[in-house]
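A, B, ... follow the sequence lines: proteins, then strands. Residue 1 opens every chain.
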There are 2 protein chains.
Amino acid sequence: MAGAVRREPLNRGRVLATAVQLADAIGIEALSMRRLAQELGVVPMALYKHVANKDQLLDGMVDAVLAEIDPVGDGPWREVVRARVLSARAALLRHRWAARVIETRPVPTAAVLAYLDSMAGAFRSGGLSVQLTHHVMHAMGSRLLGFSQELFEASGAGAPAPEFAAAFPRLAELASGGHDEASVVGGGCDDRFEFEFALDLLLDGFARLHGAGWAPPAGG
Amino acid sequence: MAGAVRREPLNRGRVLATAVQLADAIGIEALSMRRLAQELGVVPMALYKHVANKDQLLDGMVDAVLAEIDPVGDGPWREVVRARVLSARAALLRHRWAARVIETRPVPTAAVLAYLDSMAGAFRSGGLSVQLTHHVMHAMGSRLLGFSQELFEASGAGAPAPEFAAAFPRLAELASGGHDEASVVGGGCDDRFEFEFALDLLLDGFARLHGAGWAPPAGG
DNA sequence: ACCTGAACACCGTTCAAGT
DNA sequence: ACCTGAACACCGTTCAAGT
């Protein structure tokens, strides 16, 4: 107990793990280098010995989240892809800020590329041609990583306000009628159902094209 | 010429129009209230008479871009939706920052809701049930507005670097083989083709479900 | 009615030191 | 080798004035 307790020295892993937890807790927009330093009981500049700058911190945080996704499994390509995407989705739901950060990063990290590479491999191993796999990867887009941005938040409350229904009648009828009662506990909508609906629609489409011997359009 | 030239007074429209142009020119991340004020030859605080804060400025900019999208046309729902989505895509390509800002806004503006309402109306007018329209709107996600985030930029150069190909062989083969030569001028990939591939796959899937009398799953 | 100036509480980051 | 302190050039925004 003589003098201050000797802090265990920082390292990159501790910086990243703390950044992930802190972003989970306070949101990504509130995560600053200064706030993170404070959380670690350190002066802001101490972080720069372990992380080149804030961009590299964000990249490291993304990689930490990706590391939580299950590896590709065995079986028919459709099931392999489906299971992995849902595993990715589970990881991103544990860290709500991650989808936005991934979208925002200008250059993908090696871990993101490795993930995408393994997904392309799953389609190719299933027998899809290079060309079809290329288009399929684009068509999946962010769904490969288990997310797709929502243009309108589920917005909690069951029935829309009267002014809303008057101004946007088509949206209002969707909000009230989109799910049968059994699946809507307390109003709102079943995000997992919506995600799987689109995912399966896409996978069905890919399977159909593949089964029909899809080839690039002749003209160009 | 006696004294300073009298500046014409600011108004909300001029603030928003200048903000849109400035974001086109310098990028959204460089667009600050201070930089915009400078562009208008005015002190930063002058803006706050016409726009409550930066969030409201961004909302106004989004609405300005949405106003460039063609209204819904006449015809079969599939064609109506397809044409409108491609019109939205054209508007968003004119303002590359807009997709990111739309994704980022926590609450949709009235103009965004009106747009979505009209798209829901297009599906409903085509005879799709409320339930199917609900899922269809979710499945379209940001594609309703003509964009879908790319996890990897087309990344210009035709053939991937050798180190890349070694580390990510499945991605490398897609990069080189994804398009036939006629459609790939100078390497890279045809974004419009990819967008329409996914769009048509989804629309085909919706039409198939609708034609087959799709109803919500029995169990819940 | 519209614009200004100074100030506040924040950012990420550089540089030159401390132990 | 690792951490610190002071400083720089930025943010968005409030408040109290100016014309």
(message) Short of 4.0 Å, heavy atom to strand atom, which residues of residues 18-35 of chain A count as contacting DNA chain C?
(response) A/Ser32, A/Met33, A/Arg34
(message) Under 4.0 Å, heavy atom to any atom of DNA chain C: which of residues 53-65 of chain A qualify?
(response)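 Those residues whose heavy atoms fall under 4.0 Å from DNA chain C, taken from residues 53-65 of chain A in numerical order, are A/Asn53, A/Lys54.
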Distance, rounded to the nearest Å, where [X] contributes [atom1] and [N] contributes [atom2]:
X: A/Asn11; N: D/dA1; atom1: CG; atom2: C1'; value: 14 Å
X: B/Leu47; N: C/dC2; atom1: CG; atom2: C1'; value: 13 Å
X: A/Leu40; N: D/dC3; atom1: CG; atom2: P; value: 10 Å
X: B/Arg14; N: C/dC2; atom1: CZ; atom2: P; value: 13 Å
X: A/Gln38; N: C/dG12; atom1: CD; atom2: P; value: 12 Å

(message) With a 4.0 Å cut-off on N to O distance, would you call A/Arg96 and A/Asp24 a salt bridge?
(response)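 Salt bridge: no.
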(request) May I ask you to say whether A/Glu196 pairs ionically with A/Arg82, meaning some side-chain N is under 4.0 Å from a carboxylate O? (result) yes
(message) Does a side-chain N or O of A/Tyr48 approach OP1 or OP2 of C/dT13 to a distance below 4.0 Å, or not?
(response) yes
(request) Kindly say if B/His50 contacts the phosphate of C/dC3, meaning a side-chain N or O under 4.0 Å from OP1 or OP2. (result)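 Checking B/His50 against C/dC3: at least one side-chain N or O falls below 4.0 Å of OP1 or OP2.
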(request) Just do the side chain to side chain contact (heavy atoms under 4.5 Å, CB included) check on B/Asp63 and B/Leu16 with the steps written out, would you? (result) CA-CA 10 Å; B/Asp63 289 355; B/Leu16 292 180; over 6 Å; no
(request) Could you tell me whether a side-chain N or O of A/Ser148 sits under 3.5 Å from a main-chain N or O of A/Arg143, the two making a donor and an acceptor? (result) no
Within the 4.5 Å heavy-atom criterion, are [X] and [Y] side-chain neighbours or not?
X: B/Arg84; Y: B/Tyr115; result: yes
X: B/Arg89; Y: B/Arg192; result: yes
X: B/Val65; Y: B/Arg94; result: no

Can you check nucleotides 15-19 of chain C for protein contacts, nitrogen or oxygen pairs under 3.5 Å, and list what you find?
none

(request) Answer yes if the ring centres of B/His135 and A/Phe193 are under 6.0 angstrom apart, and no otherwise. (result)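 Yes, they do, as the ring centres are separated by less than 6.0 Å.
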(request) For side chain to side chain contact (heavy atoms under 4.5 Å, CB included), just list the numbers for A/His134 and B/Glu194, CA-CA rounded to whole Å, side-chain angles, deciding distance to a tenth of an Å, and then say yes or no. (result) CA-CA 9 Å; A/His134 181 118; B/Glu194 301 305 342; 3.2 Å; yes
(request) Evaluate the side chain to side chain contact (heavy atoms under 4.5 Å, CB included) criterion for residues A/Glu39 and A/Gln21: first the C-alpha distance (whole Å), next the side-chain angles of each, then the deciding distance (0.1 Å), finally the verdict. (result) CA-CA 10 Å; A/Glu39 192 74 13; A/Gln21 282 171 234; over 6 Å; no
(message) My validator wants the stems of DNA chain C: runs of 3 or more consecutive Watson-Crick or G-U pairs, both distances under 3.5 Å, written as range with range.
(response)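 In DNA chain C, stems of three or more pairs: C:4-8 with D:12-16, C:12-16 with D:4-8.
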(request) Only counting residues at least two apart or in another chain, list the ones meeting ring pair (Phe, Tyr, Trp, His ring centres under 6.0 Å) with A/Phe164. (result) A/Phe168
(message) Checking A/Phe206 now: which residues fulfil ring pair (Phe, Tyr, Trp, His ring centres under 6.0 Å) with it, not counting sequence neighbours?
(response)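 A/Phe206 satisfies ring pair (Phe, Tyr, Trp, His ring centres under 6.0 Å) with no residue once adjacent residues are dropped.
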(request) Identify the two heavy atoms, one from B/Ile69 and one from B/Ala91, that lie closest to each other, and give their separation to 0.1 Å. (result)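 Answer, listing the atom of B/Ile69 first, then B/Ala91: CG1-CB, 4.0 Å.
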